[in-house]
Amino acid sequence: MARTAKIVDLPAITRLDKSKGKISAQLTQILRDAVQNGELKAGDPLPSSRELASSLAISRGTVIQAYDQLIAEGVLSTATRTGTFVSHDLSDTVVIIDETGKQPSDLKPHLTSSAQAYAKILKEFQPIPHRPFAVSVPVGRTRPNDVWRKFGNKFRARGEAIPTGYDEPQGVFSLRHAIAAYVRRSRSVHCEAEQIVICSGIQQALYICSQILFQPHAQVWVEDPAYRGTTALLANIPQQIDIVRIPVDEEGIQVENALNIAPHAQAAFVTPSHQYPLGMPMSLARRSALIAWAKQQHAWIIEDDYDSEIRDYGQPFPSLQGMSPDQVIYLGTFSKVLFPSLRLGYAVLPPALVAPFCGLRALIDRHPPSAEQHVLAAFIQEGYLEKHIRRIRKVYAENRLQLIALVKQYLPPSLAHLQSGDQGMHMVLWLHPKLNDVEIAIAAVNVDVAVKAISTTYSLAQQRPGLIMGLSDFDSEQLHYAMQQLAQIIKQAAFVHQCL
Ligand SMILES: Cc1ncc(COP(=O)(O)O)c(C=O)c1O
């Protein structure tokens, strides 16, 4: 015989607070919780709506409303003779109550190893505070000018950027067309608009590449050091990619070395125009060797071209894609030349990859916000992007000189020296080998200084301490103060580690 639910005796029913209103919603939640935590079991009958209403001194209609909602959710069922009862479909529901008597909602869910790994990664990818020496913060003279804001207003009010239905997963045509013309002109990339897919930054493009290009356990070459967004991604996707770290020298990735270690790899992830984070361009000899290998192996080269537009003088180095469009997947971004929160980047793909790439793109988030794409398309088409780039190149060149002067003023060369370079938005400050860059970067945050430890970009075997220092356009007073603080931290650490 079925147990009779003494519904009015349910401890939770005392939670019903008539003074708070929405009594039917409260009752629904109380009954739903009672079923979920096992106070009411599958098959338990509930009192009639009349009985429950009178025992709680509420209207019968209120109870009926709550029952109807739970019947619609499948929590309760109803039958002509037996009345309302907890649905039998819930009989498999296991209610876990631990020895301390805790209810399931009090217990921590079991996290898979990949969930735990991603939770750890989140800590590493927290946004950097907008403080000296953060990289690519759009402050001061590098902030996009008023045209950007005006275009936004204009297009949202009455242009193509008004609300619409779903758009193309590949990205709006006007933006793809504008990017194709821009990268052909400025980066010697060979492409048509049809080969371009708009992404939420290079990060998303890297993710899609990692999902569509490789068999499980594929070997891939990754520069050593390399961008953590690439290494953390490849190390954590379920395909269990075999990441073969290849050291870089002043000519870029050591292709000879890679050929000896892993000749049959399926891909190479590289930053040929401006090695991340060290800053040198890949030599022509290395480019040719890399392409020759990729052609022979039918391997892919993933070219991360994140900030090459920003060169202090002379032309940016041409892309690798222009030398071998069938082998190279070219990734570009507006995070550096405009601002990171825009979340717009692009992949230039060999034609056969466009459909699979867009298919996955559609499943992730359909497509990037159309309004931003239209605004950016007009910004590029009307020549403002290139004007903006010309302006910020001068600013970064000036800021580079200022950083060099600051380091000279506040730090002895025996403890820290800057790696020379003439492009990009950051510089590397090498530290005395006995210093711990992670500890220094953490201490710096506490005094409002934002630097990144370079050792995290290396494989364990190659690690050496240094700081990645951004050239964002903070004012001179702020920069002096920040450098003083940082120098103090480094000197204190040097004292502790006996490097003085
Ligand atoms: C080398 C490198 N690649 C890719 C990215 C990712 O850029 P996005 O903001 O376009 O995802 C960054 C960002 O800092 C980077 O430094």
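For ligands, and for the atoms within them, numbers begin at 1 and follow the listed sequence. Owing to the predicted nature of the structure, the values given are computational and were not obtained by experimental measurement. No hydrogens, no waters, no symmetry mates; every other heavy atom, side chains included, goes into these values.
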### Task
Just do the side chain to side chain donor-acceptor pair (under 3.5 Å) check on Arg228 and Thr231 with the steps written out, would you?
CA-CA 5 Å; Arg228 273 295 289 155; Thr231 52; 3.3 Å; yes
### SB check Glu372 Arg156 (cutoff 4.0 Å)
yes
### Shortest protein contact, atom 9 (O) of ligand 1 (heavy atom only)
Ser335 OG, 2.6 Å
### Query
Should the proximity of Ile202 to ligand 1, defined as any heavy atom under 4.0 Å, be assigned to the side chain, the backbone, both, or neither?
both
#### Entry: Any Gln204 heavy atom less than 4.0 Å to ligand 1
no
### Query
Between Glu386 and Ser186, is any side-chain donor less than 3.5 angstrom from a side-chain acceptor?
no
### Message
Closer than 4.0 angstrom, basic N to acidic O: yes or no for Glu168 and Arg176?
### Response
no
### Task
May I ask you to list the atoms of ligand 1 that are less than 4.0 angstrom from any heavy atom of Thr333?
8 (P), 10 (O)
### Query
Do His417 and His432 make the cut of ring centroids closer than 6.0 angstrom?
no
### Task
Give the numbers and elements of all ligand 1 atoms closer than 4.0 Å to a heavy atom of Gln203.
11 (O)
### Protein heavy-atom partner closest to atom 12 (C) of ligand 1 - residue, atom, separation in Å
Tyr227 CZ, 3.3 Å
### Query
Do the side-chain N and O atoms of Tyr458 and Asp224 include a donor-acceptor pair separated by under 3.5 angstrom?
no
### Task
May I ask you to decide whether Asp422 forms a salt bridge with Arg311, counting only side-chain N to carboxylate O separations under 4.0 Å?
yes
### Query
How close does the nearest protein non-hydrogen atom get to atom 2 (C) of ligand 1, and which residue and atom is it?
Asp304 OD2, 3.4 Å
### Query
Would you say the side-chain atoms of His274 and Asp307 include a donor-acceptor pair closer than 3.5 Å?
yes
#### Entry: Contact atoms of ligand 1, heavy-atom distance to Tyr276 under 4.0 Å
1 (C), 16 (O)
#### Entry: Nearest-contact summary for atom 14 (O) of ligand 1 - protein heavy atom, Å
Lys336 NZ, 2.9 Å
#### Entry: Backbone or side-chain N or O of Ser200 under 3.5 Å from ligand 1 N or O
no
#### Entry: Side-chain donor-acceptor pair present, Ser370, Asp167, cut-off under 3.5 Å
yes
#### Entry: Close N or O approach (Thr271, ligand 1; < 3.5 Å)
no
### Query
Considering distance alone, does some N or O of Arg343 sit under 3.5 Å from an N or O of ligand 1?
yes
### Sub-4.0 Å atoms of ligand 1 with respect to non-hydrogen atoms of Tyr306
1 (C), 2 (C), 3 (N), 16 (O)
